[in-house]
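Remember, it's 1-based here, ligands and their atoms both numbered in the order they're listed. Values below: every heavy atom of this structure, side chains too, minus hydrogens, waters and symmetry copies.
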Amino acid sequence: MQIVHTIAALRQVLKDRPAGTGAIALVPTMGNLHEGHLDLVRQARERAGASGTVVASIFVNRLQFAPHEDFDRYPRTLARDAELLAGAGCDLVFAPDEREMYPQPQRYQVVPDPALAELLEGHFRPGFFTGVCTVVMKLFTIVQPQLAVFGKKDYQQLMVIRRLVEQFALPIEVIAGETRRSAQGLALSSRNGYLSEAERAQALQLSAALRGLLERVRRDGAAAKLDEIEAEARAALAAQGWAPDYLTARRRSDLLAPEPAELAAGIALVALGAARLGSTRLIDNVEG
Ligand code: PAF
């Protein structure tokens, strides 16, 4: 496995691939990797095949952090990440620094459709998806992959990226990776490292609340009063010591609220939630 830090070096390595080699599969990350990321790399490996090239990018993208968020303390663990990536079947790591990715302030940005990007995460983190889309578009342009793998853990991000690819007619297949959970059911996340032992145990309450929310909506069907059910779920989580931003059941495809007729017909839903536990903000989702 090779590690490169510049766009020029990355392009050279990709250009030097022997003729007839397979697809380039990109797994974009911000590093501080866990088994969830490594699953995405394994999936990329499988899809790209033995003759393909799996590229993982590691870049903590300032553009997607608000000034009060954890950009400065986000763990940078390149040596450990590289070892893990090599073991998961990655061929090439692209780990640029900020000057390489943003040599000048990034004035040209990719602003996603507000109908999708200003809901939920986008509502609570204004500008977040513009930051994500801008860096992902830049990574796509640099790496020029045919395949790109994104985790379902960040469900809304996956939807936003799918639309980005559609709207710009990018010749890239976006592949969704399943969420990896601990034996107890906690969705693996780089930010779990901020949790204390006690908070880690308590963190399971978020996915439990989402499962409960989805079951309730399913049970009530067309009669489900979504606003009430969601408000109750938020209140129950708050009573357990959380500060919930949102807990909601949405149509899987576009994250809009389902209509009663759709609920009666049992359309595919996803329950999404974000809440703060102490000083750590966690997000999770459960498909049903
Ligand atoms: O999901 C992430 O880690 C980031 O949002 C991504 C896709 C690497 C863009 O910085």
Side-chain angles (χ1 to χ4, degrees), residues 7 10 24-41 43-44 54-66 69-78 80-82 84-85 88 90 92-98 100-102 106 109-112 116-117 119-122 124-143 145 147-165 168 170 172-180 187-194 272 274 280-285:
I7 297 170
L10 177 102
I24 299 173
L26 172 66
V27 183
T29 82
M30 297 205 299
N32 192 24
L33 304 180
H34 51 68
E35 277 301 319
H37 293 111
L38 301 180
D39 282 348
L40 306 183
V41 173
Q43 208 170 335
V54 175
V55 181
S57 61
I58 297 181
F59 179 64
V60 185
N61 172 38
R62 185 187 291 275
L63 294 186
Q64 69 192 74
F65 288 77
E69 291 183 336
D70 54 346
F71 176 79
D72 288 328
R73 70 178 177 126
Y74 201 89
R76 274 83 168 165
T77 53
L78 180 60
R80 180 180 166 276
D81 291 345
L84 293 172
L85 287 169
C90 180
L92 181 58
V93 178
F94 177 51
D97 66 11
E98 260 199 298
E100 182 68 11
M101 278 301 271
Y102 302 130
Q106 184 70 28
Q109 302 212 352
V110 179
V111 182
L116 175 60
L119 308 168
L120 309 175
E121 279 304 285
F124 287 93
R125 304 178 71 187
F128 171 68
F129 286 118
T130 296
V132 169
C133 286
T134 302
V135 79
V136 167
M137 183 64 123
K138 200 153 180 173
L139 289 167
F140 282 168
T141 331
I142 294 166
V143 178
L147 307 167
V149 190
F150 291 85
K152 281 192 188 176
K153 156 88 173 36
D154 298 301
Y155 195 92
Q156 188 176 4
Q157 171 173 280
L158 172 66
M159 298 295 127
V160 168
I161 300 294
R162 280 200 192 288
R163 292 255 185 103
L164 168 91
V165 165
F168 285 102
L170 302 177
I172 299 172
E173 182 187 344
V174 175
I175 300 166
E178 294 301 326
T179 302
R180 172 73 88 106
L188 299 195
S189 159
S190 299
R191 289 189 169 100
N192 289 353
Y194 299 152
L272 305 115
T280 309
R281 186 174 183 276
L282 299 177
I283 72 168
D284 201 353
N285 66 80

L116 CG to R163 CZ distance, which is reported to the nearest 0.5 Å: 4.5 Å
Any idea which protein heavy atom is nearest atom 10 (O) of ligand 1, and the distance to it? Q64 OE1, 2.7 Å
At what distance is the nearest protein heavy atom to atom 3 (O) of ligand 1, and which residue and atom is it?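 Answer, as residue, atom name and distance: M30 CG, 3.6 Å.
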When you measure from the side chain of [X] to the backbone N and O of [Y], does any donor-acceptor pair fall under 3.5 Å?
{"X": "D70", "Y": "F65", "answer": "no"}
{"X": "E35", "Y": "L188", "answer": "no"}
{"X": "N285", "Y": "K152", "answer": "yes"}

Heavy-atom contacts with [X] under 4.0 Å: which atoms of ligand 1 show up? List them by number with element.
{"X": "Q157", "answer": "1 (O), 2 (C), 4 (C), 5 (O), 7 (C)"}
{"X": "V135", "answer": "9 (C), 10 (O)"}
{"X": "P28", "answer": "8 (C)"}

Is the closest side-chain donor-acceptor distance between Y74 and N61 under 3.5 Å? no
When only distance counts, is T29 in polar contact with ligand 1, meaning an N/O pair under 3.5 Å? no
